[in-house]
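Only this structure's heavy atoms are used, side chains among them; waters, hydrogens and symmetry mates stay out. All chains are named by letter (A, B, ...) in the order of the sequence lines, taking the proteins before the strands, and each is independently numbered beginning at 1.
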There are 2 protein chains.
Amino acid sequence: MKKLPRKTITRVLLYIRTLEALAKEKRFLVSSKQLSEITGLSDVKIRKDISNFKKIGKPRVGYKTLDLKRTLENYLLQNNVVHLALFGVGNLGSAILSYPGFHQNKIKLVAAFDIDRRKIGKTINGVKIYPVERAPEIIKKYHADIGIIAVPKEHCQEVADYMVLSGLSRILNFAPYSVSVPAKVQVRSIDFTIKILSLFCDAHK
Amino acid sequence: MKKLPRKTITRVLLYIRTLEALAKEKRFLVSSKQLSEITGLSDVKIRKDISNFKKIGKPRVGYKTLDLKRTLENYLLQNNVVHLALFGVGNLGSAILSYPGFHQNKIKLVAAFDIDRRKIGKTINGVKIYPVERAPEIIKKYHADIGIIAVPKEHCQEVADYMVLSGLSRILNFAPYSVSVPAKVQVRSIDFTIKILSLFCDAHK
DNA sequence: TTTTAATCGTTCATAATTTCACGATTGATA
DNA sequence: TATCAATCGTGAAATTATGAACGATTAAAA
Ligand SMILES: NC(=O)c1ccc[n+]([C@@H]2O[C@H](COP(=O)([O-])OP(=O)(O)OC[C@H]3O[C@@H](n4cnc5c(N)ncnc54)[C@H](O)[C@@H]3O)[C@@H](O)[C@H]2O)c1
Ligand SMILES: NC(=O)c1ccc[n+]([C@@H]2O[C@H](COP(=O)([O-])OP(=O)(O)OC[C@H]3O[C@@H](n4cnc5c(N)ncnc54)[C@H](O)[C@@H]3O)[C@@H](O)[C@H]2O)c1
């Protein structure tokens with residue numbers, strides 16, 4: 001099957017979550033129209049996204065919630081659990097560590113790193129905080145897939161370098177700074193400030 | 001001038017930040033090529049984005065850092081300071097409240113709201129925490145522009161309704177749930193889980 | 001059994017975005 | 001001064017994403 005565009009992947013992940021919620025409410029059938037109302041995306045787009053996988057819907061009826069969920073998950077996640085390594089256990093990092101949402105979902109935080117001696121050795125929410133020097137060792141041991149940057153922007157390039165050195169090839173960066181990494185490494189950012197300003201400007205004009 | 005697409009706005013905000021950093025390093029001239037290296041965006045795209053505003057670059061030289069910054073800011077932000085109201089002072093909300101980045105930038109947190117009696121009345125980082133019932137009054141008083149949802153997903157629809165009732169027409173939602181709002185209200189989401197899974201899936205295939 | 005209405009999946013058209021190509025301009029240099 | 005190389009700005013081409021149209025299918029109703 002052809003590689004899906006990133007935008008499609010993002011939407012499909014949203015469908016999976018929505019289907020999960022529907023199943024919890026014992027709604028075992030759902031149409032693209034209903035999914036459209038819940039997610040705010042157009043029904044055509046939803047059907048088109050789903051049609052990337054297989055013919056699973058029935059005209060006049062819709063989709064079986066659990067079948068559709070299984071199909072989508074099967075293609076996208078294949079029963080994998082994503083292992084995260086967090087760098088920087090400050091205000092934001094602590095919030096991420098305490099977040100129970102990740103454990104319910106297909107994400108597991110396997111280790112945290114910091115340079116602050118007072119934090120090292122502690123365990124938050126079952127996740128131990130290590131000194132950054134041990135990152136290469138620990139990341140290999142726990143098979144971390146994705147590194148999260150939650151250190152001040154002044155340190156985020158060095159942390160990114162360290163992540164690459166430790167064998168991570170995917171990075172999610174919360175710092176307001178564009179890090180440079182080798183081509184094979186993928187970086188995405190979550191930038192609160194730009195999100196907020198962009199919402200302001202967009203609506204404003 | 002024509003309304004800019006959201007993607008362009010987001011990039012331009014990134015240019016503004018980059019130009020700020022360059023100016024701090026006393027680099028008062030910069031080319032689209034250099035901006036490209038710093039931001040990771042293509043130089044053509046950068047020039048095209050900038051050309052939305054006015055002819056401000058000089059061939060063979062580049063852009064004057066401060067002039068360009070002023071021009072971009074002038075169009076996008078016009079000396080406005082964005083006023084935020086935070087709903088939910090839990091793990092994530094507290095991190096946001098403590099974030100000093102907002103104060104340096106053009107963003108100001110003016111008030112926080114919670115239902116937890118133990119939190120109400122406290123002040124974090126100069127921002128007072130009010131009971132949600134006072135939102136309509138406080139939001140008007142401080143002219144809040146954007147509401148931030150940082151409450152558990154089970155409560156986020158009711159909080160969104162309350163925001164609209166209080167006169168907010170822009171919402172940034174951190175909860176993994178698509179809220180319904182009147183058409184005139186804009187909602188954007190920051191969804192950690194989907195960002196992480198999407199990074200995993202995208203690189204994975 | 002035939003008709004009807006809902007819904008899927010797909011094709012085709014439209015719109016938005018990015019990339020390419022290149023002329024125009026400018027400061028530096030021979 | 002004439003040439004050169006760097007860089008801007010932009011129209012056209014290519015790519016990507018979205019939306020509209022519609023035939024095909026199905027369950028339910030007549
Ligand atoms: N707090 C927020 O709400 C918020 C909002 C937007 C962006 N951010 C960004 O997220 C990042 C973290 O923010 P924060 O508020 O948690 O900061 P913070 O100062 O509270 O925490 C930073 C943590 O990183 C650790 N650290 C510093 N250098 C390190 C290194 N080289 N290796 C490992 N750990 C290191 C520090 O010891 C500290 O524990 C910053 O880049 C910030 O700009 C935060
Ligand atoms: N913590 C994270 O790193 C993280 C990551 C991803 C997403 N999120 C999302 O962000 C939101 C907040 O997460 P959190 O970890 O801070 O949760 P939390 O449980 O720590 O805090 C929630 C806060 O909201 C308050 N609250 C509850 N109902 C309210 C209401 N109706 N009005 C006002 N306040 C109310 C609670 O009193 C509490 O202070 C959740 O939706 C969560 O899914 C958090």
Within this structure, what is the [atom1]-to-[atom2] distance between [X] and [N], rounded to whole angstrom?
X      : N       : atom1 : atom2 : value
Y15(A) : dC8(C)  : OH    : C1'   : 14 Å
L68(B) : dG9(D)  : CG    : C1'   : 14 Å
D43(B) : dC8(D)  : CG    : P     : 8 Å
K45(A) : dT11(C) : NZ    : C1'   : 18 Å
R47(A) : dT10(C) : CZ    : C1'   : 10 Å
I50(B) : dT10(D) : CD1   : C1'   : 14 Å
K48(A) : dA21(D) : NZ    : C1'   : 11 Å
K7(A)  : dT16(D) : NZ    : P     : 13 Å

Answer yes when [X] and [Y] have at least one side-chain N-carboxylate O distance shorter than 4.0 Å, and no when they do not.
X       : Y       : value
D202(B) : R170(A) : no
R47(B)  : D43(B)  : yes
R17(A)  : D191(B) : yes

### Query
Within the structure shown, what part of the strands sits under 4.0 Å from L41(A) by heavy-atom distance: base, sugar-phosphate, or nothing?
nothing
### Closest-nucleotide 5' rank along DNA chain C - winner of G57(A) and T8(B)
G57(A)
Under 4.0 Å from OP1 or OP2 of [N]: is there any side-chain N or O of [X] that close?
X      : N       : answer
R11(A) : dT18(D) : yes
Y63(B) : dA6(D)  : no
K55(B) : dT10(D) : yes

### Message
With salt bridge (Lys or Arg N to Asp or Glu O under 4.0 Å) as the criterion, how do K141(A) and E137(A) come out once you've worked through the C-alpha distance, each side chain's angles and the decisive distance to 0.1 Å?
### Response
CA-CA 6 Å; K141(A) 181 172 167 196; E137(A) 165 211 344; over 6 Å; no
## Note on the structure
Interatomic distance, CG@L35(B) vs OG1@T18(B), rounded to 0.5 Å, equals 6.5 Å
### Query
What residues in residues 23-38 of chain A put a non-hydrogen atom under 4.0 Å from any atom of DNA chain D?
none
### Task
Test E73(B) against K69(B) for salt bridge (Lys or Arg N to Asp or Glu O under 4.0 Å), laying out the working first.
CA-CA 6 Å; E73(B) 270 183 359; K69(B) 172 171 169 284; 3.6 Å; yes
### Message
For nucleotides 25-30 of chain D, give me one character per nucleotide, 5' to 3': B if any protein heavy atom sits under 4.0 Å from the base, S if the only such contacts are to the sugar-phosphate, - if neither.
### Response
BBB---
### Message
Could you check whether any side-chain N or O of R11(A) sits under 3.5 Å from a backbone N or O of I46(A), counting only pairs where one atom can act as donor and the other as acceptor?
### Response
no
### Residue list, ring pair (Phe, Tyr, Trp, His ring centres under 6.0 Å) with F87(B), at least two apart or on another chain
F113(B)
### Query
For the residue pair F102(B) and F192(A), does the interplanar ring angle fall in the parallel (under 30°), tilted (30 to 60°) or perpendicular (over 60°) class?
parallel
